[in-house]
Number of protein chains: 2
Amino acid sequence: MPIERRPLREQIREELLSRIDRGDFAAGTDINEVALATELGVSRTPLREALITLAGEGVLESNQGKGFRFAPVSRKEFRELCEIVAALESLALERSDPAYLREIAPKLLTLARDFPDSVAEQQVIERHDDEWHDLLLSGCRNERLLDLITSVKAGMRRYAHLLAGDETPLEREQAEHCRVAELLMAGDLPQAAEALRVNWVNGMERMMSRIPAS
Amino acid sequence: MPIERRPLREQIREELLSRIDRGDFAAGTDINEVALATELGVSRTPLREALITLAGEGVLESNQGKGFRFAPVSRKEFRELCEIVAALESLALERSDPAYLREIAPKLLTLARDFPDSVAEQQVIERHDDEWHDLLLSGCRNERLLDLITSVKAGMRRYAHLLAGDETPLEREQAEHCRVAELLMAGDLPQAAEALRVNWVNGMERMMSRIPAS
DNA sequence: ACTATGAATTCTGAATACAGATTTATGGAC
DNA sequence: GTCCATAAATCTGTATTCAGAATTCATAGT
């Protein structure tokens, strides 16, 4: 059994991202490197490496002499990120193997219908949503594109916990996912890609009001 | 006058990118950190920070215990990158201020017509091309998108010097740029965005044969 | 009371030191 | 001569140290 040997910076990056998911860090707050390094039980070197990576993904900002801080959230940026991901995921779908898509379409439909009901924990809903999108794009042949999508989505994680504990119209989300799946079963890739883009744009509108004005 | 004070890692990153433009490094070769740090006159710490950034942009690869190396080039990846940039630039154009676009359209047309002739140095041609694209997208209101485009294009720089010293059909490139500019003058944003996408796809096809098979 | 100035503190950015992994070199068995 | 084992050298990944910038705090002056 090959035991896991990954650079510390990657583990640290993932730990920080999962803490962001839990809403541990408030947007806009400064990072104290020594304090955080001590808490994580690592030295500043790999921590800084992780911070630099996250800054490249837009999760953090860095200012000369002032170090890193969690990038503030804004409706403007959220809209920008949604636009980007909508375009990228739509492209990824268009660049997928049609045969493979038809193959997984039934499973996508099942997953979409099995959406957890509104009372489920936000964490559960999000994980289910991620799973659906991951499966949807798993047939994309453009590897760089998949990496890029993952990276951009990391920048969106800051918004996840802001949207927790609400009465979002899950039915709409569910219906839109079903529509994508059905179009794939019918073999209409362009329409499915368009439906996916629409899903992102609609989702953005639904979430927009929950984000602080500026 | 505020004198320039930027982190070393950024300066190093840019220096490495410009060296890649000059074709100083062969794709696929390993990086010796101590040697490179010495040559640049810096310590390994900021150098590694720059390397990690470049790895995040796809310029480098990193393997546990083996350090960094310049990512190998391939037709497949070049096609992938072109697809991505085509989609992103097209989106950026669609998200630009139409009034501003009409304003700069004449200048875009002039620049496109003033394309350096075939005998000009590759460097000159590339710089001119970059200038045109930068101006074209300068009206985009989606800041994250512009950053992303810059980042993805950094990953394409590895291919720049491969395409040097050839008899590429510059006329086609020039004509396509003119077409985009003309559509913008006519105020037809969707068509201009589509023409821009086509320009990227065609450019990809033109370059493809010059890249090593695998 | 308020501001300005400067020292003390805290923190980041960069350099150096150390530990462990990987590669290269060496030597012996066949 | 080839193959394998083992030791030396090299290099990366991480920790620690150092230098200087930014911030805080205290004090003097108005």
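Numbers restart at 1 for each chain; the letters A, B, ... are given by sequence-line order, proteins then strands.
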### Message
Would you say A/Asn32 places a side-chain N or O within less than 4.0 Å of OP1 or OP2 belonging to C/dT10?
### Response
no

### Task
Check every strand shown and say whether B/Asp30 touches a base, only sugar-phosphate, or nothing at a heavy-atom separation below 4.0 Å.
nothing

### Message
Taking any heavy-atom pair under 4.0 Å as a contact, classify B/Ile31: base, sugar-phosphate, or nothing.
### Response
sugar-phosphate

Round to a whole Å and report the spacing from [atom1] of [X] to [atom2] of [N].
{"X": "A/Arg69", "N": "C/dC11", "atom1": "CZ", "atom2": "P", "result": "18 Å"}
{"X": "B/Glu33", "N": "C/dA21", "atom1": "CD", "atom2": "C1'", "result": "14 Å"}
{"X": "B/Ile52", "N": "D/dT12", "atom1": "CD1", "atom2": "P", "result": "13 Å"}

Ion pair present between [X] and [Y], side-chain N to carboxylate O less than 4.0 angstrom?
{"X": "A/Lys76", "Y": "B/Glu143", "value": "yes"}
{"X": "B/Asp97", "Y": "B/Arg141", "value": "yes"}
{"X": "A/Asp21", "Y": "A/Arg157", "value": "yes"}
{"X": "B/Lys153", "Y": "B/Glu57", "value": "no"}

### Query
Between B/His128 and B/His177, is the gap from one ring center to the other below 6.0 Å?
no

### Task
Using a 4.0 Å cut-off on protein heavy atoms (strictly under), produce a 5'-to-3' string for nucleotides 14-24 of chain D with B for base contact, S for backbone-only sugar-phosphate contact, and - for none.
BBBB---SSS-

### Within 6.0 Å of CZ in B/Arg127, more than 12 heavy atoms from elsewhere
no

### Task
Could you please spell out the steps behind the salt bridge (charged side-chain N to carboxylate O under 4.0 Å, His left out) verdict for B/Glu49 and B/Arg13?
CA-CA 9 Å; B/Glu49 294 178 345; B/Arg13 170 178 169 278; over 6 Å; no

### Query
Under 4.5 Å between any side-chain heavy atoms of B/His133 and B/Leu196, yes or no?
yes

### Query
Hey, can you pull the residues of residues 53-62 of chain B with a non-hydrogen atom under 4.0 angstrom from DNA chain D?
none

